[in-house]
Amino acid sequence: MDTPSLTVYAYTFRSRAERVIWLLEELHLPYAVQRLDPFKGETRSKEFLAINPAGKVPVLMHNGKAFTESLAIMEYLAAEFDGQRFIPQTPQTNYHYRHVLSYGSTELEAYLWLAEQSSRLNRRYQWPNGTHERALAMAEQNMGTVYAWLQQQPYVAGQAFTLADIYYYHLLSWFEQISGTLADVASNYLHKLEQRPCFPACVKNSDASK
């Protein structure tokens with residue numbers, strides 16, 4: 001069997017790398033996964049820093065070139081491997097799709113990451129007392145917009161499954177893991193995504209922390 005030309009560097013626990021793995025499954029592409037334990041210094045090794053000087057995952061290696069940042073990697077894979085069906089193509093639907101991605105990045109993921117840094121990872125980041133509660137409150141407030149979307153349409157960016165759904169599966173399940181709550185409309189949405197034939201077990205079954 002030929003060695004896959006695609007290799008994903010991921011943590012030993014769930015992270016943004018699982019977004020990339022899910023898309024590779026949807027595209028039916030052969031790939032390899034190299035899992036690294038950051039708590040053992042594996043992302044600070046000379047070998048890995050030569051691939052990504054930032055020392056973070058995900059990294060996609062394709063034909064000797066390194067690609068970083070999960071959403072950018074997903075867009076690259078869709079363009080490179082005939083995955084445009086996962087990106088709306090008309091100006092209006094593409095605008096809404098990109099609006100949804102931008103909202104997730106600025107209004108949800110930023111606060112979720114801050115809540116994570118100020119609780120489980122506080123010994124490393126040392127945020128002031130109360131940061132976790134304020135960040136989580138902002139994420140919960142902004143989640144109302146997502147719930148409204150899901151009440152109006154079957155997928156977060158419209159009528160069809162897109163890369164945004166892979167992204168929002170991670171955001172919503174991360175929010176649920178931190179807060180312990182999730183609206184029924186969002187829980188049902190996550191369950192629907194888990195029924196997709198290409199849904200990877202690692203996306204759900206590994207540690208949901210960052």
Side-chain angles (χ1 to χ4, degrees), residues 1-77 81 104-105 108-127 131-132 135-136 139 163 165-180 182 190 193-194 196 198-210:
M1 182 177 180
D2 293 338
T3 302
S5 65
L6 296 160
T7 298
V8 180
Y9 285 83
Y11 291 139
T12 52
F13 48 87
R14 192 176 88 163
S15 70
R16 295 173 177 89
E18 270 60 40
R19 304 169 184 172
V20 177
I21 292 171
W22 186 350
L23 180 57
L24 288 167
E25 291 288 339
E26 294 282 351
L27 294 171
H28 304 289
L29 295 172
Y31 63 93
V33 178
Q34 181 71 43
R35 294 206 175 263
L36 305 175
D37 188 341
F39 301 109
K40 295 180 178 179
E42 293 175 354
T43 54
R44 305 305 301 177
S45 69
K46 183 184 298 185
E47 293 77 13
F48 185 67
L49 290 176
I51 295 172
N52 183 12
K56 297 180 180 180
V57 306
V59 176
L60 174 75
M61 292 298 298
H62 180 217
N63 293 333
K65 295 183 179 180
F67 299 84
T68 62
E69 299 297 330
S70 62
L71 295 180
I73 293 171
M74 290 163 66
E75 295 265 3
Y76 167 75
L77 288 171
F81 295 103
S105 176
L108 294 176
E109 185 164 13
Y111 291 115
L112 292 173
W113 184 217
L114 182 56
E116 193 81 67
Q117 290 180 359
S118 56
S119 56
R120 187 179 67 87
L121 301 175
N122 195 47
R123 283 189 293 180
R124 176 178 178 184
Y125 291 96
Q126 299 181 343
W127 286 93
T131 300
H132 173 79
L136 192 56
L163 301 187
D165 295 294
I166 295 177
Y167 182 39
Y168 271 78
Y169 182 93
H170 187 207
L171 295 182
L172 294 179
S173 57
W174 189 10
F175 174 77
E176 183 178 32
Q177 185 264 331
I178 294 177
S179 69
L182 195 66
L190 295 185
L193 295 180
E194 290 165 4
R196 291 185 64 81
C198 295
F199 180 82
C202 65
V203 172
K204 181 178 181 181
N205 295 339
S206 53
D207 188 335
S209 61
K210 299 296 289 180

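Keep in mind that the numbers below use all heavy atoms, side chains included, and drop hydrogens, waters and symmetry copies. In this chain, residues are counted from 1 in sequence order.
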Between E194 and S173, does a side chain to side chain contact (heavy atoms under 4.5 Å, CB included) hold up when you go through it step by step?
-> CA-CA 12 Å; E194 290 165 4; S173 57; over 6 Å; no
Partners passing ring pair (Phe, Tyr, Trp, His ring centres under 6.0 Å) against F199 (at least two apart in sequence or in another chain) | W22, Y169
Salt bridge (charged side-chain N to carboxylate O under 4.0 Å, His left out) contacts in which one or both residues fall within residues 20-31, not counting sequence neighbours | E26-R196
Non-hydrogen atoms of S118 and W127 that approach each other most closely | CB-CB, 3.8 Å
Minimum heavy-atom separation for A139 to L112, with atom names?
-> CB-CD2, 4.1 Å
If you measure from CG on L193 to SG on C198, what distance do you get to the nearest 0.5 Å?
-> 12.5 Å
Heavy-atom side-chain contact between K56 and P38 under 4.5 Å | no
Sequence neighbours excluded - salt bridge (charged side-chain N to carboxylate O under 4.0 Å, His left out) pairs with any residue from residues 37-48 = none
Look up atom CD1 in I73 and atom CG in L163, then write down how far apart they are to the nearest 0.5 Å.
-> 12.5 Å
Side chain to side chain contact (heavy atoms under 4.5 Å, CB included) with A66: which residues, sequence neighbours excluded?
-> I51, V59, M61
Using salt bridge (Lys or Arg N to Asp or Glu O under 4.0 Å) as the criterion, list what pairs up with E176, not counting sequence neighbours.
-> none
Applying side chain to side chain contact (heavy atoms under 4.5 Å, CB included) to L29 and not counting sequence neighbours gives L6, L24, L27, F81
What closest approach, in Å, do A115 and A135 show between heavy atoms, and which atom pair accounts for it?
-> N-CB, 3.8 Å
Can you list the residues that meet the ring pair (Phe, Tyr, Trp, His ring centres under 6.0 Å) rule with F48, with sequence neighbours excluded?
-> Y9
Residues in side-chain hydrogen bond (donor to acceptor under 3.5 Å, both in side chains) contact with Y168, at least two apart in sequence or another chain | none
Pairwise distance CG(L171) to CZ(R16) - rounded to 0.5 angstrom | 9.0 Å
Answer whether the closest heavy-atom distance between the side chains of Y11 and T43 falls below 4.5 Å.
-> yes
To the nearest 0.5 angstrom, please state how far the CD atom of E116 sits from the NE2 atom of H132.
-> 8.5 Å
Which pairs count as side chain to side chain donor-acceptor pair (under 3.5 Å) when at least one residue sits in residues 67-76, sequence neighbours excluded?
-> R19-S70, H62-Y76, E75-Y97, E75-R98
State the CG-CG distance between L71 and L23, to the nearest 0.5 angstrom.
-> 11.0 Å
Can any side-chain N or O of R14 pair as donor or acceptor with the backbone N or O of V203 at less than 3.5 Å?
-> yes
Measure the CG-OG1 distance between L136 and T131 for me, rounded to the nearest 0.5 Å.
-> 12.0 Å
